[in-house]
Amino acid sequence: PKGYSRQMSNAAIGFFDSGLGGLTVRQEVIHLLPNENTIYLADSAHAPYGEKTQAGILERSRINTEWLLGQGCKLIVIACNTATTNAIAVLRDEYAIPFVGIEPAIKPAALNSESKSVGVLATRGTLSSSLFASTSRMYSAGIEVLEQEGTGLVGLIESGQLSHPKTTAHLKALLAPMLQAGIDHLVLGCTHYPLLIPQLREILPEHVQIVDCSPAVALQTRAVLSRNKLLNSGGIPGVHSVFTNGNPEIANDMLERLGHGRDAQSFID
Ligand code: DGL
């Protein structure tokens, strides 16, 4: 396996996503591990990944991995369900750096469902992956799983239209079949979708639980760092940087919305 020479515990945790969605994962990691340094790569110029072929998703995932290795990262969080479900196994074969990924959290939703009906909102790339199919099969015995492609949502968020009324209207139309079927859990299977929680809460009946597994990804990140003796023991607050090959103004608006400084940096790949 190539490209992993630095094992320093004070090196940064690298994150990549097709854009800004993975910031929701980074936020959980920073919250749990405040002394870790982080470098976030928003590959917004190539979003959405969900509409790409598996080969296309793998190609972008390799490029992002190489870029983060070039920054000297010690672990990579694939802050994207589409990249995880389509590429993590290959990346683990090809690179020695530890990877942590994110997949739709069907298991807790299925275990806790009383109506025995759960919804999964994810990209086409995630829903069509074999990893998703096997996870879904494993945990959904006796449960009706309603899958819905979140067509167009990533594009609306990446173009800065998160709060636009047309985004809420579109979301409402996407969720209608699930609500008709009586779901009591909605699994957010794309890291962009937790950004839509305020709109989702307006649309969903109160008893429908929203399931987002980014806190679990943060716990897994801590466990993998600890196992590899890579936890930062410096005891000082981490330094965080965000790089985007998309529009830095939109990235900065998102950072501000999430309570961070407007310090996104541009890069061209
Ligand atoms: N945030 C990515 C995910 O979790 C979005 C994929 C896309 O760009 O379509 O799946």
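For this chain, numbers begin at 1 and follow the sequence in order.
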Inset, instruction - Could you point out which residue of Ser115, Ser117, Ser113 forms a side chain to side chain donor-acceptor pair (under 3.5 Å) with Glu144? - result: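 Running side chain to side chain donor-acceptor pair (under 3.5 Å) over Ser115, Ser117, Ser113 with Glu144 returns exactly one hit, Ser117.
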Legend entry - Residue of the set His240, Arg222, Lys74 for which side chain to side chain donor-acceptor pair (under 3.5 Å) holds with Glu36: Lys74
Is there side-chain contact between [X] and [Y], with at least one heavy-atom pair below 4.5 Å?
| X | Y | result |
| --- | --- | --- |
| Val120 | Leu146 | no |
| Ile210 | Arg201 | yes |
| Pro34 | Pro237 | no |
| Tyr49 | Val154 | no |
| Leu121 | Leu153 | yes |
| Val118 | Met178 | no |
| Leu258 | Arg26 | no |
| Asn81 | Pro104 | yes |

Reported [atom1]-to-[atom2] distance for the pair [X] and [Y], which is rounded to 0.5 angstrom:
| X | Y | atom1 | atom2 | answer |
| --- | --- | --- | --- | --- |
| Ser136 | Glu147 | OG | CD | 5.5 Å |
| Leu41 | Asp17 | CG | CG | 9.0 Å |
| Thr38 | Leu23 | OG1 | CG | 9.5 Å |
| Ile76 | Thr65 | CD1 | OG1 | 4.5 Å |
| Leu156 | Leu162 | CG | CG | 9.0 Å |
| Lys172 | Leu175 | NZ | CG | 10.5 Å |

Least distance between heavy atoms, [X] atom then [Y] atom:
| X | Y | value |
| --- | --- | --- |
| Thr85 | Ser129 | CB-OG, 3.3 Å |
| Pro98 | Asn228 | CG-ND2, 4.1 Å |
| Tyr40 | Gly19 | OH-O, 2.6 Å |
| Ile39 | Ala12 | CG1-CB, 3.7 Å |
| Ile250 | Ser159 | CD1-C, 3.8 Å |
| Thr244 | Ser44 | OG1-OG, 3.8 Å |

Legend entry - Intermediate values then yes/no, side-chain hydrogen bond (donor to acceptor under 3.5 Å, both in side chains), Arg60 and Thr82: CA-CA 11 Å; Arg60 291 313 309 165; Thr82 311; over 6 Å; no
Donor-acceptor contact present, side-chain [X] to main-chain [Y], <3.5 Å:
| X | Y | answer |
| --- | --- | --- |
| Ser214 | Glu28 | no |
| Gln54 | Asn86 | yes |
| Thr191 | Ala79 | yes |

Legend entry - Chi angles and distances behind the side chain to side chain contact (heavy atoms under 4.5 Å, CB included) call for Gln209, Asp184: CA-CA 6 Å; Gln209 304 263 343; Asp184 63 358; over 6 Å; no
Under a single-linkage definition using a 4.5 Å side-chain heavy-atom cutoff for Ile, Leu, Val, Met, Phe, Trp and Tyr, are [X] and [Y] assigned to the same hydrophobic cluster?
| X | Y | result |
| --- | --- | --- |
| Tyr139 | Leu186 | no |
| Leu58 | Ile78 | no |
| Val208 | Leu111 | no |
| Val187 | Leu171 | no |
| Phe132 | Ile102 | no |

Legend entry - side chain to side chain contact (heavy atoms under 4.5 Å, CB included) evaluation trace for His260 with Gln27: CA-CA 10 Å; His260 305 289; Gln27 200 171 28; 4.2 Å; yes
Legend entry - Test side-chain hydrogen bond (donor to acceptor under 3.5 Å, both in side chains) applied to Asn10 and Asn37, step by step: CA-CA 7 Å; Asn10 62 351; Asn37 302 310; over 6 Å; no
Legend entry - Atom CD of Gln265 with >12 non-hydrogen neighbours under 6.0 angstrom: yes
Legend entry - Donor-acceptor pair between His207 and Glu114 side chains, under 3.5 angstrom: no
Inset, instruction - Apply side chain to side chain contact (heavy atoms under 4.5 Å, CB included) to the pair Arg262 and Asp253, showing each step before the final yes or no. - result: CA-CA 7 Å; Arg262 298 180 66 87; Asp253 288 349; 2.9 Å; yes
Inset, instruction - Evaluate the side chain to side chain contact (heavy atoms under 4.5 Å, CB included) criterion for residues Val211 and Leu188: first the C-alpha distance (whole Å), next the side-chain angles of each, then the deciding distance (0.1 Å), finally the verdict. - result: CA-CA 6 Å; Val211 187; Leu188 302 185; over 6 Å; no
Inset, instruction - May I ask you to decide if the ring planes of Phe267 and Phe243 are parallel, tilted or perpendicular, using 30° and 60° as cut-offs? - result: perpendicular
